[in-house]
**Q** 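Shown below is the structure under consideration.
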Amino acid sequence: MFDGGMTMCFHTVNCPQILGNISKNRSRSRTKLNPCFAVKVCSILLQSDESGNLSESKKISSSYSAQVKPQAQNSLLSQANTVGIIGGVSVLSTLIFLEKLVWWSSRNGEESVPFVVCSDPSIDGALASQASIHSSFDETAQNEANHEAIVRNLRHKRVFLEQSGASCIVMPCHISNAWHEQISEGCSLPFFHIGECVAKELKEAKLKPHGTGSNVRIGVLAATETIAAASYQDQLGNQGFEVVLPDKATMEHILIPAIESLNKRDTEGARNLLRIAIQVLLIRAVNVVILASDELQNILPREDPLLKKCMDPMDALARSTIKWAKTGKQGMQKNTC
């Protein structure tokens, strides 16, 4: 990831505890990269040590080298299309979104859109517990009742990005977007909802229902039906789609075992089970299946024909963000794609 001779401009600014160490074990994104394509990236890397004190920008991965250049802080943050990014459930998921944002926005030889990232490893565990596939229904309900601290944390990061000079906010995280309304309360900037971006793209595709006299049906596969799926259910419903979720038997005997097989490095077993889960929804006459969990991405090989029926929500969020940064920054309303 991030190969191809990138030159990155990093700046250290005063901020709350944020980006920590990044794992060298990275999942491969479906984005096809051009190894001969040199990209200049304007970004801000916000980093702190274990005590919460800011440290100098350091080498964050052996897969690419970053050339640090002195540049006035305000020269970047004054750009009218700077994207503020609240990190996802893991640093890895945030990096995968950044890969899409960087390469897709610079595929025509242009500079990448400017961005500032606020990623806090201290809340990774809390977010991950909300998405645990092993949570019982009682535990899931308790997690939902105790999410206030997470929301306060994420709202604090949103305010920090606003004060840092970001002109729009995105959260590349299926779980965090379930609380988008609470996190965005009082936000004066466009704040993209991943579910709204997905719903808008599907609406523009002018899909036809498989059954006569019915609405277009959209399937949603997520590691936790109650939380991650909520990021999409309301937004799809607002656009007139009928949302189809896997039943309890499919979750317990197919989808969850697929993720468990992946964790055990049984790739073939995970692929076969995920194929069955997708087919179960397709049999229920859905047009598209949204893969609404990081765990479900990249299980199937790129050439698998079932992927033509699936959608990665992060793709829609990245496309909406790039469109805003390049063409729509002068008239965008808040909380819309």
Side-chain angles (χ1 to χ4, degrees), residues 30 88 97 100 131 140 144 170-184 190-251 254-255 274-297 299-300 304-324 328 332-337:
R30 288 197 180 93
F97 175 78
K100 299 174 188 292
T140 299
E144 292 178 353
V170 298
M171 289 189 300
C173 178
H174 305 285
I175 304 299
S176 299
N177 275 270
W179 308 307
H180 180 279
E181 183 176 357
Q182 296 160 274
I183 298 168
S184 64
F191 193 153
F192 299 137
H193 188 299
I194 191 170
E196 186 177 356
C197 295
V198 168
K200 182 179 179 181
E201 283 200 1
L202 291 174
K203 190 71 172 180
E204 292 174 348
K206 301 184 185 302
L207 301 172
K208 303 296 182 183
H210 289 322
T212 57
S214 63
N215 294 330
V216 173
R217 310 186 89 192
I218 305 297
V220 178
L221 286 179
T224 52
E225 177 182 345
T226 54
I227 300 179
S231 299
Y232 306 94
Q233 225 167 342
D234 292 342
Q235 298 296 331
L236 289 167
N238 291 341
Q239 292 291 347
F241 295 110
E242 180 182 348
V243 178
V244 180
L245 302 175
D247 56 24
K248 184 178 179 180
T250 301
M251 288 292 297
I254 301 176
L255 191 60
L274 179 56
R275 289 185 180 110
I276 295 172
I278 294 172
Q279 290 285 11
V280 167
L281 290 182
L282 293 176
I283 290 173
R284 296 171 65 183
V286 305
N287 291 64
V288 176
V289 176
I290 297 172
L291 301 180
S293 292
D294 292 334
E295 298 96 330
L296 302 180
Q297 303 300 331
I299 292 181
L300 298 181
D304 195 302
L306 279 178
L307 286 179
K308 295 180 181 179
K309 291 288 188 178
C310 297
M311 182 177 189
D312 182 351
M314 297 302 167
D315 292 352
L317 181 62
R319 283 188 289 262
S320 294
T321 304
I322 293 168
K323 181 178 180 181
W324 172 88
M332 291 292 298
Q333 301 297 315
K334 58 175 295 187
N335 299 345
T336 187
C337 284

**Q** Considering only distance and modelled atom types, tabulate donor-acceptor pairs under 3.5 Å from the side chains of residues 280-291, sequence neighbours left out.
**A**
from, atom 1, to, atom 2, distance (Å)
Arg284, NH1, Leu245, O, 2.9
Asn287, ND2, Lys208, O, 2.7

**Q** How close do Cys173 and Met314 get, counting heavy atoms only, and between which atoms?
**A**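 For Cys173 and Met314, the tightest heavy-atom pair comes out as N-CE, 3.5 Å.
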**Q** Distance from Ile299 atom CD1 to Arg275 atom CZ, nearest 0.5 Å?
**A**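 One finds 10.5 Å between CD1 of Ile299 and CZ of Arg275.
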**Q** Any idea which heavy atoms bring Ala292 and Val220 closest together, and the distance?
**A**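 That would be CB-CG1, 4.0 Å.
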**Q** Sequence neighbours excluded, which residues qualify as side chain to side chain donor-acceptor pair (under 3.5 Å) partners of Gln279?
**A**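 Applying side chain to side chain donor-acceptor pair (under 3.5 Å) to Gln279 gives none.
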**Q** First locate atom CG of Leu236, then atom CD of Glu196, and finally report the distance between them rounded to the nearest 0.5 Å.
**A**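 Between atom CG of Leu236 and atom CD of Glu196 there are 11.0 Å.
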**Q** Return the CG to SG distance between Asp304 and Cys310, rounded to the nearest 0.5 Å.
**A**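 These two atoms lie 8.0 Å from each other.
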**Q** For Ile194 versus Pro313, what's the shortest heavy-atom pair and its separation?
**A**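 Where Ile194 meets Pro313 most closely, the heavy atoms are CD1-CB, 3.6 Å.
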**Q** Under the side chain to side chain contact (heavy atoms under 4.5 Å, CB included) rule, what do Ile183 and Met171 come out as? Steps first, then yes or no, please.
**A** CA-CA 10 Å; Ile183 298 168; Met171 289 189 300; 3.8 Å; yes
**Q** Hey, does Leu207 have a side-chain heavy atom less than 4.5 Å from the side chain of Ile218?
**A**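 Yes, side chains in contact.
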**Q** Kindly give the heavy-atom pair with the smallest separation between Gly195 and Tyr232, and that separation in Å.
**A**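 Closest approach of Gly195 to Tyr232, heavy atoms only: CA-CD2, 3.7 Å.
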**Q** Please give me the minimum heavy-atom distance between Ala222 and Ala229, naming the atom from each residue.
**A**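 So the minimum-distance heavy-atom pair works out to CB-N, 4.2 Å.
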**Q** Less than 4.5 Å apart, any side-chain heavy atom of Leu221 and any of Ser293?
**A**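 When only atoms from C-beta onward are counted, Ser293 and Leu221 do not touch, as no gap falls below 4.5 Å.
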**Q** Could you go through Gln297 and Asp312, starting from their C-alpha distance and side-chain angles, then the distance that decides it, and tell me whether this counts as side chain to side chain contact (heavy atoms under 4.5 Å, CB included)?
**A** CA-CA 8 Å; Gln297 303 300 331; Asp312 182 351; 3.3 Å; yes
**Q** Would His210 and Arg217 count as a side chain to side chain contact (heavy atoms under 4.5 Å, CB included) if you check the C-alpha gap in whole Å, the side-chain angles of each, and the deciding distance to 0.1 Å?
**A** CA-CA 8 Å; His210 289 322; Arg217 310 186 89 192; over 6 Å; no
**Q** Working note: Asn177 + His180, criterion side chain to side chain contact (heavy atoms under 4.5 Å, CB included); need CA distance, chi angles, decisive distance, verdict.
**A** CA-CA 5 Å; Asn177 275 270; His180 180 279; 3.9 Å; yes
**Q** I'd like to check the side chain to side chain donor-acceptor pair (under 3.5 Å) partners of Glu201; sequence neighbours left out, ordered by chain and number.
**A**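 So Glu201 forms a side chain to side chain donor-acceptor pair (under 3.5 Å) with Arg319.
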**Q** Please name all residues satisfying side chain to side chain donor-acceptor pair (under 3.5 Å) with Asp234, sequence neighbours left out, ordered by chain then number.
**A**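 Checked Asp234 against side chain to side chain donor-acceptor pair (under 3.5 Å); zero matches.
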**Q** Under 4.5 Å between any side-chain heavy atoms of Leu202 and Gln239, yes or no?
**A**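 Contact flag for Leu202/Gln239 side chains = no.
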**Q** With sequence neighbours left out, write down each residue that passes side-chain contact (heavy atoms from CB on, under 4.5 Å) with Gln182, or none if nothing qualifies.
**A**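 Gln182: side-chain contact (heavy atoms from CB on, under 4.5 Å) contacts with His147, Val151, Arg155, Trp179.
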**Q** Mind checking side-chain contact (heavy atoms from CB on, under 4.5 Å) for Thr321 and listing every partner two or more places apart, or none if nothing turns up?
**A**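 Testing Thr321 for side-chain contact (heavy atoms from CB on, under 4.5 Å), a comparison that skips the adjacent residues, returns Val83, Phe97, Leu101, Val170, Phe192, Leu317.
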**Q** Could you pull out the closest heavy-atom pair between Pro246 and Met251, with the gap in Å?
**A**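 Closest approach of Pro246 to Met251, heavy atoms only: CG-SD, 3.6 Å.
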**Q** If you measure from CG on Asp315 to SG on Cys197, what distance do you get to the nearest 0.5 Å?
**A**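 Here the interatomic distance stands at 11.5 Å.
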**Q** What distance do Leu296 atom CG and Leu255 atom CG have between them, rounded to the nearest 0.5 Å?
**A**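 That separation rounds to 5.5 Å.
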**Q** I need the Lys309 NZ to Leu307 CG distance, nearest 0.5 Å.
**A**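 The CG atom of Leu307 is 12.5 Å from NZ of Lys309, to the nearest 0.5 Å.
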